[in-house]
Amino acid sequence: MNSKELLRGWFEASGDDMKVGETIGAEVETSVVGEDGQPITVEKSQEIFRLLATSGREWTVRTRKGNLVTEIVHDHVGSMLYELGRQNIEIATLPATSRERCQGKVFQGIWDLKWAAEEVGARLWHRPIINTDEDLLVIPDERDATWLDLDGREALTLLTKCSAVQFTVGVPRSRAIGVINRLGDRIDDFLKDYPQEALWRDYIATSKAGYRPDRYGGPLHFRDLEHYCEELVRHDVVQNGRLVPHSEIADLDIPLFLRSVWWYFRLKKYGRRLAIEVRPMPRREDAYIFEQLDTVLQIMGQ
């Protein structure tokens, strides 16, 4: 079975018994700065992770790399981890069954991060880009080490300055492509306030990998799920620090491959449930996050 058939079968093996927005997950990235307004050091971000893991706020260490704590988890909220930059901390929530429950998870994560930052003499930076000439790159796991080998440090460092908000919203399989097309129709509304677009374009152009230009952003409209999969397999697979054609891949890791194709709107799965990840949104003030979600849900036709 070729990669296109594998992908289509994987997407089709999802329940079609849900409505749009029945599950909602969020990823909220936030840069943390010191009292001088400069990005915090690795040592300071480690203080934040370790403080939360010992504070009685129900965070525990999930992942380490050597002496670094690289991910902490909370049974109700989800996880908190590095997003490439030593100062950029991502809160990735567990799937919620309503907008209100998603909001509760996000805000609990933000409040805990804010508390820990203030305890160590730092504060949250509610902006989509942090302007600095410093090399902020931190490589917390083997996956990120693969990207460093593939892209080169100059390209990957561009993405350390970006903080974004993304939502992953459950959809029935029968409506998934139609909903992606609705989002595509509104791309101009997303990009009019998405300053990291230029950094992403520079990353694709600067990377040593030789990506297709549409590996970022991607197509905005599809005829059907088969067409969606056809467009996906135009992109080679990242394996062992290089791009490998699908014809040379014996066992495609589908979730890992999907995460490596950075379309504005892309299909994912929560277990057996199909979802659409909506990506081109900037990090701004905390209260704005759920205005962003409301806009997404309205476009998707919840």
Side-chain angles (χ1 to χ4, degrees), residues 21 23-40 44-45 47-49 51-53 55 57-59 71-132 136 159-169 189-197 199 277-300 302:
T23 57
I24 304 173
E27 295 177 11
V28 177
E29 302 162 6
T30 308
S31 280
V32 183
V33 299
E35 294 175 351
D36 58 358
Q38 297 303 304
I40 59 172
K44 190 67 72 173
S45 59
E47 287 184 49
I48 289 172
F49 283 140
L51 178 59
L52 283 171
S55 65
R57 290 175 178 248
E58 301 181 49
W59 292 91
E71 182 183 15
I72 60 175
V73 295
H74 188 290
D75 286 345
H76 171 69
V77 176
S79 62
M80 195 180 293
L81 63 158
Y82 285 111
E83 177 52 41
L84 286 178
R86 70 183 193 227
Q87 89 299 340
N88 198 17
I89 295 176
E90 175 184 303
I91 297 164
T93 71
L94 297 165
T97 54
S98 69
R99 175 200 184 279
E100 290 70 29
R101 288 190 173 95
C102 181
Q103 181 172 318
K105 294 176 188 296
V106 167
F107 282 161
Q108 183 173 345
I110 290 173
W111 292 332
D112 284 351
L113 176 59
K114 181 177 184 290
W115 169 81
E118 290 175 351
E119 286 291 306
V120 302
R123 58 188 171 87
L124 307 191
W125 176 257
H126 300 97
R127 306 285 172 79
I129 296 175
I130 191 162
N131 294 313
T132 179
L136 304 175
L159 300 185
T160 66
K161 302 175 183 181
C162 300
S163 295
V165 172
Q166 291 137 21
F167 294 106
T168 302
V169 181
D189 292 336
F190 286 96
L191 295 187
K192 69 184 179 185
D193 182 26
Y194 190 58
Q196 51 264 66
E197 169 80 0
L199 287 176
E277 183 182 28
V278 181
R279 295 173 50 78
M281 291 175 289
R283 176 65 158 108
R284 298 208 180 275
E285 295 298 326
D286 296 342
Y288 186 56
I289 294 171
F290 284 87
E291 292 183 27
Q292 292 170 308
L293 177 57
D294 288 342
T295 297
V296 167
L297 293 175
Q298 180 271 322
I299 294 170
M300 296 178 75
Q302 182 191 28

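Along the sequence shown, residues are numbered consecutively beginning with 1.
Counting heavy atoms from C-beta outward, L136 and I130 have side chains that approach closer than 4.5 Å. Side-chain contact check for L81 versus I89: every heavy-atom pair is 4.5 Å or farther apart. Using a 4.5 Å cut-off on side-chain heavy atoms (C-beta onward), F190 and V296 make contact. For the pair D112/L52, a side-chain contact is recorded, criterion being any heavy-atom separation below 4.5 Å from C-beta on.
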Which donor-acceptor pairs under 3.5 Å do the side chains of residues 113-120 make with protein atoms, sequence neighbours left out?
residue, atom, partner, partner atom, Å
K114, NZ, E118, OE2, 2.8

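Atom CD1 of residue I129 and atom OG of residue S31 lie 10.0 Å apart, to the nearest 0.5 angstrom. In this structure, I72 CD1 and M80 CE are separated by 5.0 Å, a value rounded to the nearest 0.5 Å. Separating the CG atom in L124 from the CZ atom in R127 is a distance of 12.5 Å, to the nearest 0.5 Å. Rounded to the nearest 0.5 angstrom, T30 OG1 and Q87 CD are separated by 10.5 Å. Atom CD of residue E29 and atom CD of residue E90 lie 5.0 Å apart, to the nearest 0.5 angstrom. Rounding to the nearest 0.5 Å places NE2 of H126 at 4.5 Å from CZ of R283.
Formation of a donor-acceptor pair under 3.5 Å by the T93 side chain with backbone atoms of A26 is found in this model. Although no hydrogens or angles enter the test, the distance criterion places no donor-acceptor pair under 3.5 Å between the side chain of Q196 and the main chain of P282. Without hydrogens or angle criteria, K105 side chain to H76 main chain gives a donor-acceptor distance under 3.5 Å. R284 places no side-chain N or O within 3.5 Å of a backbone atom of P128 that could act as its donor or acceptor partner. Remark: the backbone N or O of S163 is not paired with any side-chain donor or acceptor of N88 at under 3.5 angstrom. No side-chain donor-acceptor contact under 3.5 Å links E27 to the backbone of R279.
Counting heavy-atom neighbours within 6.0 Å of E35 CD, excluding the residue itself, gives a total of 12 or less. Residue R101 places its CZ atom among 12 or fewer non-hydrogen atoms of other residues, nucleotides or ligands, all under 6.0 Å distant.
With sequence neighbours left out, the ring pair (Phe, Tyr, Trp, His ring centres under 6.0 Å) criterion links H74 to W59. F107 meets the ring pair (Phe, Tyr, Trp, His ring centres under 6.0 Å) test with W111, F290; sequence neighbours excluded. Partners of F167 under the ring pair (Phe, Tyr, Trp, His ring centres under 6.0 Å) rule, at least two apart in sequence or in another chain, do not exist in this structure. Applying the salt bridge (charged side-chain N to carboxylate O under 4.0 Å, His left out) criterion to K44, with sequence neighbours excluded, gives E47. Applying the salt bridge (charged side-chain N to carboxylate O under 4.0 Å, His left out) criterion to R123, with sequence neighbours excluded, gives no partner residue.
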Next on the checklist: Apply side chain to side chain contact (heavy atoms under 4.5 Å, CB included) to residues I24 and L297 and explain how you reach the verdict.
Outcome noted: CA-CA 10 Å; I24 304 173; L297 293 175; 4.3 Å; yes

Next on the checklist: Let's go through I40 and I48 carefully: what are the C-alpha distance in whole Å and the side-chain angles of both, what is the deciding distance for side chain to side chain contact (heavy atoms under 4.5 Å, CB included) to 0.1 Å, and is it a yes or a no?
Outcome noted: CA-CA 10 Å; I40 59 172; I48 289 172; 4.0 Å; yes

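In plain terms, the two heavy atoms of I91 and V77 that are nearest each other are CG2-CG1, 4.2 Å.
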